[in-house]
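Note sheet for the following structure.
Along the sequence shown, residues carry numbers from 1.
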Amino acid sequence: MGSSLLTNSSAMTALQTLRNVSTQLATTQNRISTGQRVSTASDNSAYWSIATSMRSDNAALSAVSDSLGLSAAMVDTEYTALNTVIGDKNSGLTKLQALLVEAKTAGIDRTKIQAEVTQIQQDMKLKSDSATINGINWLSIDITPSSSTATPTTFNLVSSYSRVGGTPTIGSITVTTATYALYTTGGSSTTGILDAVVGGSTGASVSSINIGALTDSATDQTKLDGYINQVTAAINSVASAAANLGAVKNRIATNTEFVKNLMDSVDRGIGQLVDADMNAESTRLQALQTQQQLGVQALSIANQNSQSILSLFR
């Protein structure tokens, strides 16, 4: 083909090649700067859509992890209070039981023993009332019927999140407050472990036992035996409630670890879809920069062809 002043095919080819290289270079530079090969829907609509949904799932799992942390703190608070109420040889129900056994001794001053019993009863009530976190208390509960201030009969502790298709499922650990209630208010009768009256109208609850007026008579000794059995049963009930909370605590800890591992797995899945291979991108960047420089030189050479036409007219 002869030389043409109006059409420079070589320059057109060189320009097209340079334009293509520049486009690829811009794409590579964007991947390097963002660290992603799919950063917008236009990069790969399918992968972008899947990754967006997975990020949404991870945000929900993060909320579950936070909820589990709050639940763990709540359970730990109630467990600590229950364990304190059980006490040891110097406090709590354990000490109360020992004092009642001591009160069986003939001729002992039960008025002085009652003074210590009263202190233990008040201390257990204080510990129970203090087991409050985030405005919730499972040990001292309000059972007022149809009241907005009444303690819910159950609490659902969020423990998991999953999504199948477009349907999310939220798992929870259900806690029944009656299982752990030591004291109750607002009802027609008290039903807590420590304030439930045993023995009808003439009986007493663990929180209201009073031995100050008891004597060495057979009747009073029988009453003391009943009090001892009542406190022993209360120790067993509180220990059972604490063991139940221990199981819930362990379940929360297991779920917390699982949710964290699941979040890591989802992150890895997102990375497989959208993350750029920085080794490959850095190599491609150097190659494209070289191609761009050669393209500029090729276009410069092609443009000089028009100048050679002038020599024909000299």
Side-chain angles (χ1 to χ4, degrees), residues 63-88 90-97 117-160 170-198 204-209 230-256:
V64 170
S65 181
D66 293 341
S67 179
L68 284 169
L70 179 59
S71 297
M74 188 181 303
V75 170
D76 193 52
T77 298
E78 308 305 321
Y79 173 82
T80 300
L82 284 176
N83 203 36
T84 303
V85 167
I86 294 174
D88 52 29
N90 298 315
S91 64
L93 290 170
T94 303
K95 177 63 174 178
L96 178 59
Q97 183 186 51
V117 168
T118 300
Q119 291 299 317
I120 291 174
Q121 291 169 332
Q122 293 175 350
D123 185 63
M124 291 191 299
K125 183 65 168 64
L126 176 64
K127 295 295 193 301
S128 178
D129 290 345
S130 299
T132 301
I133 181 171
N134 197 29
I136 297 173
N137 190 320
W138 295 346
L139 307 188
S140 294
I141 66 173
D142 181 0
I143 58 174
T144 305
S146 304
S147 171
S148 59
T149 61
T151 305
T153 56
T154 59
F155 283 91
N156 292 321
L157 309 178
V158 176
S159 60
S160 65
I170 300 174
S172 61
I173 301 172
T174 301
V175 173
T176 304
T177 51
T179 304
Y180 314 104
L182 302 182
Y183 300 92
T184 56
T185 58
S188 58
S189 61
T190 51
T191 58
I193 296 174
L194 301 185
D195 65 0
V197 177
V198 177
S205 65
V206 172
S207 62
S208 63
I209 289 176
Q230 190 174 347
V231 172
T232 301
I235 291 175
N236 292 334
S237 295
V238 176
S240 177
N244 190 294
L245 273 185
V248 172
K249 184 178 179 181
N250 184 60
R251 185 177 173 186
I252 289 175
T254 302
N255 280 18
T256 299

Between [X] (side chain) and [Y] (backbone), is there a donor-acceptor pair under 3.5 Å?
X: Thr151; Y: Asp142; result: yes
X: Thr177; Y: Pro152; result: yes
X: Thr256; Y: Ile252; result: yes
X: Ser207; Y: Gln121; result: no

Can you list, pair by pair, the side-chain donor-acceptor contacts under 3.5 Å of residues 67-77, counting residues two or more places apart and other chains?
| from | atom 1 | to | atom 2 | distance (Å) |
| --- | --- | --- | --- | --- |
| Ser71 | OG | Ser67 | O | 3.0 |
| Asp76 | OD1 | Lys249 | NZ | 2.7 |
| Thr77 | OG1 | Ala73 | O | 2.8 |

Determine the minimum heavy-atom distance between [X] and [Y], stating which atoms define it.
X: Ser237; Y: Ile193; value: CB-CG2, 3.8 Å
X: Val85; Y: Lys127; value: CG2-CB, 4.4 Å
X: Thr144; Y: Gly186; value: OG1-CA, 3.3 Å

So, taking the atom named CE in Met124 and the one named OG in Ser91, what distance separates them when rounded to the nearest 0.5 Å?
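Spacing of CE (Met124) from OG (Ser91) equals 10.0 Å.
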
Quick one: CD1 on Ile86 to OG1 on Thr94, what's the gap to the nearest 0.5 Å?
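Atom-to-atom, Ile86:CD1 and Thr94:OG1 are 7.0 Å apart.
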
Taking atom OH as the centre, does Tyr183 end up with more than 12 heavy-atom neighbours from other residues, nucleotides or ligands that are less than 6.0 angstrom away?
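Count over threshold, so yes.
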
Is the shortest side-chain heavy-atom distance between [X] and [Y] below 4.5 Å?
X: Val206; Y: Leu96; value: yes
X: Leu182; Y: Asp195; value: no
X: Asn244; Y: Tyr180; value: yes
X: Val231; Y: Ile209; value: yes

Check each of Leu82, Asn83, Thr179, Asn250 against Leu245 using the side-chain contact (heavy atoms from CB on, under 4.5 Å) test, and report the only one that passes.
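Answer after filtering Leu82, Asn83, Thr179, Asn250: Leu82.
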
Which donor-acceptor pairs under 3.5 Å do side chains of residues 153-160 form with protein atoms, sequence neighbours excluded?
| from | atom 1 | to | atom 2 | distance (Å) |
| --- | --- | --- | --- | --- |
| Asn156 | OD1 | Thr174 | OG1 | 3.0 |
| Ser159 | OG | Gly171 | O | 3.3 |
| Ser159 | OG | Ser172 | N | 3.4 |
| Ser160 | OG | Gly171 | N | 3.3 |

Sort and list the pairs that fulfil side-chain hydrogen bond (donor to acceptor under 3.5 Å, both in side chains) and have at least one residue in residues 128-140, not counting sequence neighbours.
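Listed once each, the pairs are Lys125-Asp129, Ser128-Ser140, Asp129-Ser140, Thr132-Asn137.
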
